[in-house]
Each structure stands twice: as structure tokens, then as C-alpha cells.
Amino acid sequence: MKCLLCDINASMREAWKRELVRRLELAATCEILSGDITGLNADAVVSPANSFGFMRGGVDGVYTRVFGSGVEAGLQAIIRTLPSGELPVGEALVVPTGHGRIPWLISAPTMRTPSRLRDGSPVLLATRAACRAARERGFASVAFPGMGTGTGRLPFDEAARAMFDGLAEAFSEKG
């Protein structure tokens, strides 16, 4: 599976590049791209929303504008059926987008509710969960934005390290 790391912020892309130099085992799997993540051709994009599926700000707001409000409504409907009524950090859900180039969205929350992240552990968990969900679905490609760097205000280097740690954990698993 190809992981497309795409962000409009040059500082996030530079942090990914620095981390990828240290993580050569992921070099063949990851591609760092600039620009609008919704302009890519990918099986899925990752939404670092929150545990309740609100997709109004940051990259989630972009997804809602591009894919339509039905994606947020569909995600929230599934979340309401979960035993706790929320999608915990470290788990992921896959929902259809109805979009031709990007048919799926993987919701992998980095936070329960909108808040500042204190460390990279939620980003590691969310990235690992998104990667697992993509692999379980047999996706050939999944596009990740900078996770936890918007609302979570995680420093780019810390976010990059956590994302690569999550990818490494997911790819090292059997199956």
C-alpha cells in the first residue's frame, strides 16, 4: 500500500522529509506531496477529525466542502451506533465519499473533542488505526494530511515522528 503524505504547509512536508531520512524502511511506501489533498487520486483520504465525527474545520472542513455534508452525516450516523456513541482515538472507520477520484474517507480521530495535543501519542494511534483500516480494505493508496497539526497544534517534527511511528507499527503487523 502506498501512503501519500500531502500537506499545503511546507513546514509539515519538510518535517516528513527529515523523518523519512531516519526511517528508510518506509521510503518505498511513502511519498511526500504538496498541495490540496482532495486533488489526488487515492483510494482513501484520512480525516483526523474528533471522536464524534464533526468535520467542520481544517482539512476536515475541506473534505466536507469537496465531498459534501453527507460524508459527515454518514460518519456521525455510524458513530452513534457504536457502544460508547463515539469513535475512540486509536480506532478508525471507513465511509464512502461518493467522489470519483477518492471513493473512501477513513476517520481516525487524533482527539476526543477539539483541543490542543500535549504529545504525539494520539497521532501515532490515529495513523496506525488509519493504516490498519486501509490495509484491511485492500486499498492500494491512502492519503494522509499532517495529523494533529491544525486544531491539535502539535509541532510539525513531533507530528511527523508520531505519524511514521504509527505507519511503522501498522506495516510491521502480520496480515
Side-chain angles (χ1 to χ4, degrees), residues 1-7 12 37-38 40 42-99 102-154 158-175:
M1 180 177 69
K2 191 72 168 178
C3 293
L4 308 173
L5 306 175
C6 185
D7 207 286
M12 183 72 249
I37 196 168
T38 63
L40 300 176
D43 291 326
V45 292
V46 176
S47 163
N50 55 69
S51 293
F52 299 96
F54 291 104
M55 298 178 60
R56 309 257 168 81
V59 72
D60 289 312
V62 173
Y63 293 157
T64 299
R65 285 189 296 281
V66 171
F67 303 141
S69 60
V71 171
E72 179 185 45
L75 174 61
Q76 290 175 349
I78 295 169
I79 289 172
R80 283 193 297 273
T81 69
L82 299 175
S84 63
E86 62 185 83
L87 179 61
V89 172
E91 295 187 22
L93 287 174
V94 180
V95 296
T97 65
H99 191 270
I102 305 170
W104 300 98
L105 178 133
I106 302 171
S107 179
T110 58
M111 57 191 67
R112 184 171 184 268
T113 59
S115 58
R116 185 176 189 151
L117 296 176
R118 298 183 195 284
D119 62 57
S121 60
V123 169
L124 182 156
L125 295 172
T127 303
R128 184 180 66 195
C131 190
R132 284 176 176 164
R135 286 179 60 214
E136 287 169 7
R137 289 289 183 115
F139 293 159
S141 61
V142 61
F144 287 84
M147 303 278 281
T149 60
T151 299
R153 297 189 304 238
L154 198 62
E158 192 169 350
R161 187 170 36 261
M163 287 181 71
F164 278 100
D165 286 348
L167 291 172
E169 285 185 20
F171 281 117
S172 70
E173 296 169 346
K174 301 288 184 213

Side chain T97, main chain I102, donor-acceptor under 3.5 Å: yes

Nearest-0.5 Å distance that lies between atom CD in E158 and atom CE in M163: 13.5 Å

Closest contact, heavy atoms only, S121 versus D119: OG-OD1, 2.5 Å

Pairwise side-chain contact, L5 with F164, heavy-atom cut-off 4.5 Å (strictly under): yes

Listed partners of A49 passing side chain to side chain contact (heavy atoms under 4.5 Å, CB included), at least two apart: S47, M55, D60, S107

Check against side-chain contact (heavy atoms from CB on, under 4.5 Å), T64 and V71: CA-CA 7 Å; T64 299; V71 171; over 6 Å; no

Over all atoms of both residues, closest heavy-atom pair of G120 and L154: CA-CD2, 3.8 Å

Pairing residues for I37 by the side chain to side chain contact (heavy atoms under 4.5 Å, CB included) criterion, not counting sequence neighbours: C6, L40, V45, V59, Y63, A143, P145

Considering all heavy atoms, the nearest A134-I106 contact: CB-CD1, 3.8 Å

N/O donor-acceptor pair under 3.5 Å between S51 side chain and L87 backbone: yes

Note, E173 side chain near R128 side chain (heavy atom, < 4.5 Å): yes

F171 side chain reached by C3 side chain, heavy atoms, under 4.5 Å: yes

Point-to-point distance, once rounded to the nearest 0.5 Å, from CZ of R118 to CZ of R153: 11.0 Å

Test log, rule side-chain contact (heavy atoms from CB on, under 4.5 Å), inputs N50 and R112: CA-CA 5 Å; N50 55 69; R112 184 171 184 268; over 6 Å; no

Sidechain-backbone polar pair: D7 side chain, G146 backbone, donor-acceptor under 3.5 Å: yes

For Q76 against G53, the heavy-atom pair lying closest together: NE2-O, 3.3 Å

pair T113-F54: side-chain heavy atoms closer than 4.5 Å: no

Beyond-backbone contact of L93 with L75, side-chain heavy atoms, under 4.5 angstrom: yes

H99 and W104: CA distance, side-chain angles, deciding distance, side-chain contact (heavy atoms from CB on, under 4.5 Å) verdict: CA-CA 8 Å; H99 191 270; W104 300 98; over 6 Å; no

Side-chain donor or acceptor of S141 paired with backbone N/O of D43 under 3.5 Å: yes

Exam field: side chain R135 to backbone A170, donor-acceptor pair closer than 3.5 Å: yes

Exam field: side chain D165 to backbone L124, donor-acceptor pair closer than 3.5 Å: no

Rounded distance (nearest 0.5 Å) linking atom CE of M147 with atom OG1 of T110: 6.0 Å

Student check: side-chain heavy atoms of L4 and K2 closer than 4.5 Å: yes

Donor-acceptor pair, side chain of T151 and main chain of S115, under 3.5 angstrom: no

Closest heavy-atom pair and its distance - F144, A130: CE2-CB, 3.8 Å

Pairs satisfying salt bridge (Lys or Arg N to Asp or Glu O under 4.0 Å), at least one member in residues 66-75, at least two apart: R56-E72

L105 side chain near V94 side chain, heavy-atom distance below 4.5 Å: no

Any side-chain heavy-atom pair of L117 and V123 under 4.5 Å: yes

Contact summary for P109 and E91, nearest pair of heavy atoms: CD-O, 3.5 Å

